[in-house]
2 protein chains.
Amino acid sequence: MPTIYDVAAACGVAPSTVSRAFSRPGRVNAETAARIRQVAEEMGYRANPLARALPTGKTSLLALVVSDVTNPFYFEIIRGAEQAATEADYTLLVADVHESATAERKALERALPLVEGVVLGTSRMSDSAIRVMAQQRPTVVLNRVLTGIPSVITDNARGARRAVEHLASLEHRNIGYLAGPEASWADGMRWRAMREAAEMLDLRVQRFGPFAPTLTGGGEAAPVIAASNVTAVVAYNDLVAIGLMRGLAALDVRVPRDVSVVGFDNIFGAEICSPALTTVAAPLAALGKYAVQTLLAGMSSRTPPQVRPALLPAELVVRDSTARRARRRRS
Amino acid sequence: MPTIYDVAAACGVAPSTVSRAFSRPGRVNAETAARIRQVAEEMGYRANPLARALPTGKTSLLALVVSDVTNPFYFEIIRGAEQAATEADYTLLVADVHESATAERKALERALPLVEGVVLGTSRMSDSAIRVMAQQRPTVVLNRVLTGIPSVITDNARGARRAVEHLASLEHRNIGYLAGPEASWADGMRWRAMREAAEMLDLRVQRFGPFAPTLTGGGEAAPVIAASNVTAVVAYNDLVAIGLMRGLAALDVRVPRDVSVVGFDNIFGAEICSPALTTVAAPLAALGKYAVQTLLAGMSSRTPPQVRPALLPAELVVRDSTARRARRRRS
DNA sequence: CAAGTCATGGCAACCGATTGCCATCGCCGG
DNA sequence: CCGGCGATGGCAATCGGTTGCCATGACTTG
């Protein structure tokens with residue numbers, strides 16, 4: 001690999017001039033610069049990003065920390081984030097932390113010195129740990145609010161409201177909520193919004209769980225729901241909802257005939273499962289993209305910007321897992 | 001951030017000694033080393049990976065290039081790869097190239113100087129381009145064979161054979177294959193193995209397509225299949241198979257009653273779609289893990305190892321999308 | 001006791017870029 | 001004709017580790 005020294009020698013100029021020909025366009029004579037670039041091109045010169053990063057700190061690397069890469073929730077987020085990063089000439093480092101707070105710390109420890117900024121997808125770390133992190137590197141948090149730290153969140157309240165309204169319009173009066181992890185900020189939001197919406201519409205809501213935010217977790221909820229008197233269920237997320245539907249099917253409870261089910265997030269899979277899942281669609285790609293853009297914005301301006309969390313709209317996608325309440329529950 | 005110079009000053013030794021205390025355990029007096037480590041610990045010293053990487057080239061970074069992060073095919077591969085990387089104290093850089101050869105080149109160009117090695121998930125690049133790449137950095141190719149370059153592949157031939165045998169045992173005599181992208185190495189393998197297996201069992205196979213390896217691609221295949229005389233279809237991959245099933249459902253062709261469908265890969269979604277998909281399960285996590293391990297092995301030994309591609313077994317997972325051939329096709 | 005070996009630590013070059021500061025030169029206005 | 005300014009290019013320090021080589025001193029061995 002040729003270096004600026006090689007190019008400089010070939011051009012008969014100093015290395016610093018070569019460097020400036022690339023990074024300080026106006027700083028060097030136009031003709032000289034053109035000649036240098038020409039020669040560099042011919043020699044196949046590429047700047048070594050490590051060498052550049054050492055004195056400047058500009059690695060052009062951003063980290064996206066996700067709790068579980070195999071969770072379809074992240075697919076579109078990753079893609080959106082990567083797109084925004086690429087557009088800004090950054091490379092995205094996706095770190096999977098396997099739902100473990102310790103793995104998360106280790107992954108961050110490893111990646112932090114390399115990256116210029118961090119996007120924390122639904123982190124399992126404590127607020128204070130995140131704040132410590134945010135002092136080391138510009139940070140944006142996804143789907144969680146920490147005062148003082150920029151965050152991008154889905155408008156879950158609105159989504160939950162839509163879901164409850166939808167169920168109410170189908171004459172459900174008795175709704176269940178399948179709770180996710182206690183530590184989940186989104187879970188709290190969703191539950192609260194549901195309760196409020198239910199109160200407005202004069203419905204009854206019950207909380208079940210917590211359950212693991214996985215297919216298995218949803219499956220475990222099935223007997224609980226089957227034994228309850230709710231005619232509709234809103235699940236913490238799509239994975240749980242799908243797991244629940246499969247569990248209910250195994251118990252011979254039909255969806256949506258006997259029980260209506262609504263999920264959250266609209267992940268890949270919500271559409272292909274059977275019955276296709278009615279769900280509150282989170283703007284996943286936009287979430288990832290906007291998070292990275294916010295991060296980059298915060299990195300370029302010296303002043304910590306954006307005090308308020310950015311709220312991205314959620315919409316209800318009605319599919320086949322919700323239906324008008326049956327006259328009576330099956331025995 | 002304290003540096004080795006700070007630690008050295010605090011200990012009254014030379015920076016080189018501090019460096020060796022960490023990287024050359026035996027090279028420095030045990031007591032001195034212990035003292036240095038102690039002081040370093042107290043000062044919160046962390047080696048700067050950039051500074052270390054500059055002279056040594058050891059970035060502890062590996063790249064995994066995937067054609068599309070949102071393709072569920074990659075989820076487990078990514079996880080397996082990341083696990084193997086983490087175990088070896090490496091960090092995995094996942095690059096999404098959006099199914100575009102040019103984006104792939106650009107992403108590689110950006111990442112290559114940073115990483116010590118590359119795993120190419122189903123690459124869209126030409127063989128020669130890959131060979132050029134492989135000269136720059138140790139490379140392992142996934143699901144594709146290039147002589148001279150280590151590769152890890154699924155035993156598609158065996159999988160395809162199993163699929164055909166399964167269909168034969170269900171009395172299907174007339175089988176269709178939904179082809180994937182022309183450029184796909186796996187597509188060629190699967191089709192060839194199917195033909196051979198069909199010949200052995202005295203079945204008839206027809207090739208349809210190519211179709212895009214997506215849900216949409218599968219949907220587009222539905223009318224073609226409906227109009228054909230095959231009673232069973234093997235699709236290029238699960239995404240196509242699921243798309244096909246949805247398309248057939250829309251045309252009122254029932255699966256598996258009218259047509260049996262088999263996919264490839266056993267992605268997330270194969271299990272939750274309806275009917276649950278019978279598919280040739282690729283050992284996805286193992287594939288990713290083994291690819292990284294092969295890469296690391298190749299990096300440590302100076303000699304290019306492993307001439308033969310590693311063949312990982314594929315198994316048929318029988319679910320609900322295949323059934324005994326009906327007496328007659330619906331009109 | 002002399003010569004050789006080993007353990008230990010320091011010096012300084014090096015990786016490849018960036019950048020503050022200085023030198024040179026041409027040109028301009030006074 | 002002189003002082004000053006802008007344009008241009010070079011020098012050398014710097015980022016933070018790594019490592020080849022050398023110096024020192026202790027210990028072993030014949």
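Below, each value reflects all heavy atoms present in this structure, side chains not excepted, and no hydrogens, waters or symmetry copies.
- With respect to B/T122, the side-chain contact (heavy atoms from CB on, under 4.5 Å) criterion is satisfied by exactly one of B/N71, B/V66, B/N143: B/N143.
- What separates CG of A/N29 from P of D/dG9 is a distance of 5 Å, to the nearest Å.
- Dashed line: the shortest gap from a side-chain N or O of A/T17 to OP1 or OP2 of D/dG10 is under 4.0 Å.
- Summarising the geometry, the separation between CE on A/M1 and P on C/dG16 is reported as 11 Å, rounded to the nearest angstrom.
- In this structure, B/R27 places its CZ atom 14 Å from P of D/dT18, rounding to the nearest Å.
- If you check C/dT8, D/dG10, D/dG17 against the side chain of A/A14, the one that comes closest is D/dG10.
- If you check the side chains of A/T70 and B/E76, you find no donor sitting under 3.5 Å from an acceptor.
- Straight-line distance from the NZ atom of B/K58 to the P atom of C/dC14: 24 Å, rounded to whole Å.
- Heavy atoms of A/S19 sit under 4.0 angstrom from at least one base atom.
- Side-chain atoms of A/R131 and A/T147 form a donor-acceptor pair, as typed in the model, at a separation below 3.5 Å.
- Distance CG (A/L50) to P (D/dG17): 14 Å, rounded to an integer number of Å.
- Applying the 4.0 Å criterion to OP1 and OP2 of D/dT18, one finds that B/R20 has every side-chain N and O outside that range.
- In this entry the distance linking CG of B/L114 with P of C/dC15 reads 19 Å, nearest Å.
- The residue A/Y45 sits close only to the backbone: its heavy atoms come under 4.0 Å of sugar-phosphate atoms, none of a base.
- The nearest heavy atom of DNA chain C to B/P15 and to A/L54 marks one nucleotide each, and the one closer to the 5' end goes with B/P15.
- Residue A/R52 places no side-chain atom within donor-acceptor reach of the base of C/dG16, judged by atom type and a 3.5 Å distance cut-off alone.
- Nearest to the side chain of A/A47, among D/dT8, D/dG10, C/dA17, sits C/dA17.
- In this structure a side-chain-to-backbone donor-acceptor pair under 3.5 Å is missing from A/D68 to A/H98.
- Rounded to whole Å, the distance from CZ on A/F22 to P on C/dT18 is 10 Å.
- Taking the six-membered ring for Trp, B/F75 and A/F268 have ring centres at least 6.0 Å apart.
- Between B/N48 and D/dG17 there is no side-chain polar atom (N or O) within less than 4.0 angstrom of OP1 or OP2.
- Here the side chain of B/P55 is nearest to one of C/dG9, D/dT18, C/dC22, namely D/dT18.
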For this session: Before giving the answer on side-chain hydrogen bond (donor to acceptor under 3.5 Å, both in side chains), spell out for A/S67 and A/Y74 the whole-Å C-alpha distance, their side-chain angles and the decisive distance to 0.1 Å.
Result: CA-CA 9 Å; A/S67 55; A/Y74 286 115; 2.9 Å; yes

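- Note on A/S16: every side-chain N or O is 4.0 Å or more away from OP1 and OP2 of C/dA17.
- Nucleic acid contact for B/V18: none, since no nucleic acid atom lies under 4.0 Å from a heavy atom of the residue.
- Across all strands shown, A/T56 has heavy atoms under 4.0 Å from sugar-phosphate atoms exclusively, and none from any base.
- One can place CD of A/E31 at 16 Å from P of D/dA7, the figure rounded to the nearest angstrom.
- Each of D/dT19, D/dG10, C/dG16 was ranked by its minimum atom distance to the side chain of B/R24; first place goes to D/dT19.
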